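Fair warning: this is a prediction, and the values are worked out from it, not measured in the lab. Naming: A, B, ... by sequence-line order, numbering from 1 per chain.
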Amino acid sequence: MYFFSTIICRISHVLLCNVTQRVSFWFVVTDPSKNHTLPAVEIQSAIRMNRNRINNAFFLNDQTLEFLKIPSTLAPPTDPSVPIWIIIFSVIFCIVIVAVLLLILSGIRQRRRKSKGPSEVDDTEDKCENMITIENGIPCDPLDMKGGHINDAFMTEDERLTPL
Amino acid sequence: MEKARPLWANPLQFVFACISYAVGLGNVWRFPYLCQMYGGGSFLVPYVMMLMVEGMPLLYLELAVGQRMRQGSIGAWRTISPYLGGVGLASVVVSFFLSTYYNIINAWAFWYLFHSFQDPLPWSVCPLNDNHTGYDEECEKASSTQYFWYRKTLNISPSIQDSGHVQWEPALCLILAWLVVYLCILRGTESTGKVVYFTALLPYCVLLIYLVRGLTLHGATNGLAYMFTPKLEQLANPKAWINAATQIFFSLGLGFGSLIAFASYNEPSNDCQKHAIIVSLINSSTSVFASIVTFSIYGFKATFNYESCLNKVILLLTNSFDLEDGFLTASNLEQVKGYLESTFPDKYSEVLPQMKNCSLQSELATAVQGTGLSFIVYTEAIKNMEVSQLWSVLYFFMLLMLGIGSMLGNTAAILTPLTDNKVISSHLPKEAISGLVCLVNCVIGLVFTMEAGNYWFDIFNDYAATLSLLLIVLVETIAVCYVYGLRRFEGDLKAMTGRTLNWYWKAMWAGVSPLLIISLFVFYLSDYILTGTLQYQAWDASQGQLVTKDYPPYALAVIGLLVASSIMCIPLVALGTFIVRCLKRGDTPPVA
């Protein structure tokens, strides 16, 4: 139904011509009171406004039902307020940062435990050596290797090796 | 007391590390292009021959050197001869350049991956222009996938001179990519060894899924037939042989020092000969496998475009001549065209200029390589598949795995010499050294996120590694065979692994491979000199296609600097060592 200064057009006012074998035709809409056709521009803007309804009546869409000289108004793309990619990016970014921090912290903790470990083992060795000072009547002092790992018997040999 | 050198937990980790380093993006986007350009099935002949003659021997050489010397590239070559420490340094410099520009590909893969979770895919539709009456002009002239790549991802400028400013979106993705790489290399072999299980195996899973999907696509057989039909006359083309040799060389990642670094973490008794053969065979078969997938996708895309083109022609003729719907089909199109031409010659000649000539062959013949293949052609094929989001996510996830696997090798090549150095490793823990390297690379890599960044990326991609690597590997082979002595090296290997060296390896190392590399080097040098000025492809937004432009002088200077800075390390360090030794000999009095 098309309203233009209280003119009501009905289906009997739509005239077809040039009907061809493949569902295509020319049509004009006549003014109901006077016998003249309504201007094409007004018909075109009317069809533009009601395009969806006309398409649905035929179960067609803009690609399958074409009105020549009436370009279809394209639907603007739906833009969400926050782009989706930023959401996914932030999730993965946070996961990676947390994993990096966890690995670094566990590495630091491991290193601290290692540096404490050998000093604890040294303490128990010292205690043992302080208790057993005499074995078989021979004092163990000459064999005492407390603290250092340099064996005097082998020291001279190192100097004999020619440096590379 | 010295800390024991970290080792791979088992030999499988070492093999996977080498595979995930060698199997990279080049297997997916360079080999199919070469196959298409140089004769399809017949390209496999020079490819396999070069693998036997050049790939396997050089790979075995690098792994053996790394395993024997048990140090990173600088230390290993210094042990071979004190004057050749420069070879290791050149490897580190080239690896540094490579890791700077390679990770931007991972950033782009992340970008596309994050954008794959939308319906419809953002590269399948053109955005609207300002007053919503049509599509964006640039997108209309090019295609929607090209528009998304050049405008939305890169925001590329018309030439290398217009640098523009840093784009924050790719910069964020680059930072994320470096954080992921840092996460994987943080703990050295301990963390890398576990990550390589994923980076080596997951791409194969995805390729297998894609193979099944690709082969069942409509039109896939067109692509496969096109690729595998051998064009035997290409065998006579010397460029085919040169490109086969180059592809084998760069695909295995020789000369960067990564293989030496990986092998240095091996047990001395490891059988690296077997591993060298396995890795090179797997690398080459992955290339062939990936090209089967690529060509079935090509065939699908070409058939789809061909049929769309045909449908457009059918619609045009149906509309112009008011024919019955469904009267014109693809099979009777030519017949009806002839009939219409004879019956309505005037109207036909009016319509003729609008009718495009649809040809399946010309669609298939569009050969693309590099980033264009992955981010333009593949995305175009993916958007036409059902459930395109799933295929897109799988594909870019696979690209990420391949890229990160190669990055692990690149960073290992830089970090191993640094951590071997006693001065640095006594002051800084391993995590801090890795963090500093990643930070420096990330900051320099921000250059590639600028508007002209893709042009600088192409410069680095084409020139940073090519000539330098050929020279480095040549010097390596000559050093092991003639400076260190092939017999001495053979004895070392026998003492280490308990196996005698096969005559084949000796013949290749001493003779064939160096000659091959020299000829490649001479060819490329003469090619660069003969072409005169160097040119690049710039994106013209007004035309919607690539145009060729000349490099400005400062870009040429950067290219020269890239090549020279790595090559010059070798003679400079040799000279420096010689001078230092002379001074030392002059200072110490002769011993009686």
- Query: Given a strict heavy-atom distance threshold of 4.5 Å, which part of Leu113(B) is in contact with chain A: side chain, backbone, both, or neither?
  - Reply: neither

- Query: Within a radius of less than 6.0 Å around CZ of Phe321(B), do more than 12 heavy atoms belonging to other residues, nucleotides or ligands occur?
  - Reply: yes

- Item | Region of Ser90(A) that comes under 4.5 Å of a non-hydrogen atom in chain B | neither

- Query: Counting only heavy atoms not in Glu140(B), do more than 12 fall under 6.0 Å of its CD?
  - Reply: yes

- Message: Would you say that more than 12 heavy atoms from the other residues, nucleotides or ligands in this model lie under 6.0 Å from the CZ of Phe327(B), or not?
- Response: no

- Task: Please indicate whether Tyr339(B) has more than 12 foreign heavy atoms, meaning atoms of other residues, nucleotides or ligands, lying under 6.0 Å from its OH.
- Result: no

- When Ile95(A), Leu102(A), Leu103(A) are each screened for side-chain contact (heavy atoms from CB on, under 4.5 Å) with Leu183(B), the one that passes is Leu103(A)

- Task: Have a look at Phe114(B) and tell me which of Ile92(A), Ile87(A), Ile84(A), Ile86(A) forms a side-chain contact (heavy atoms from CB on, under 4.5 Å) with it.
- Result: Ile92(A)

- Query: Would you say Phe93(A) and Ile175(B) make side-chain contact, with heavy atoms under 4.5 Å?
  - Reply: yes

- Residues Arg111(A) and Pro429(B): closest non-hydrogen pair is NH1-CB, 3.6 Å

- Message: Quick check on Ile97(A) against chain B: is it the side chain, the backbone, both or neither that has a heavy atom closer than 4.5 Å?
- Response: side chain

- Paired with Trp85(A), the side-chain contact (heavy atoms from CB on, under 4.5 Å) test is passed by just one of Phe117(B), Tyr112(B), Trp111(B), Phe110(B), namely Trp111(B)

- Message: Measuring from atom CG of Leu172(B) to atom CZ of Phe89(A), what distance do you get when rounded to the nearest 0.5 angstrom?
- Response: 4.0 Å

- Atom group of Leu186(B) that falls short of 4.5 Å from chain A, counting heavy atoms: side chain

- Item | Point-to-point distance, once rounded to the nearest 0.5 Å, from CZ of Arg187(B) to CD of Gln110(A) | 5.0 Å

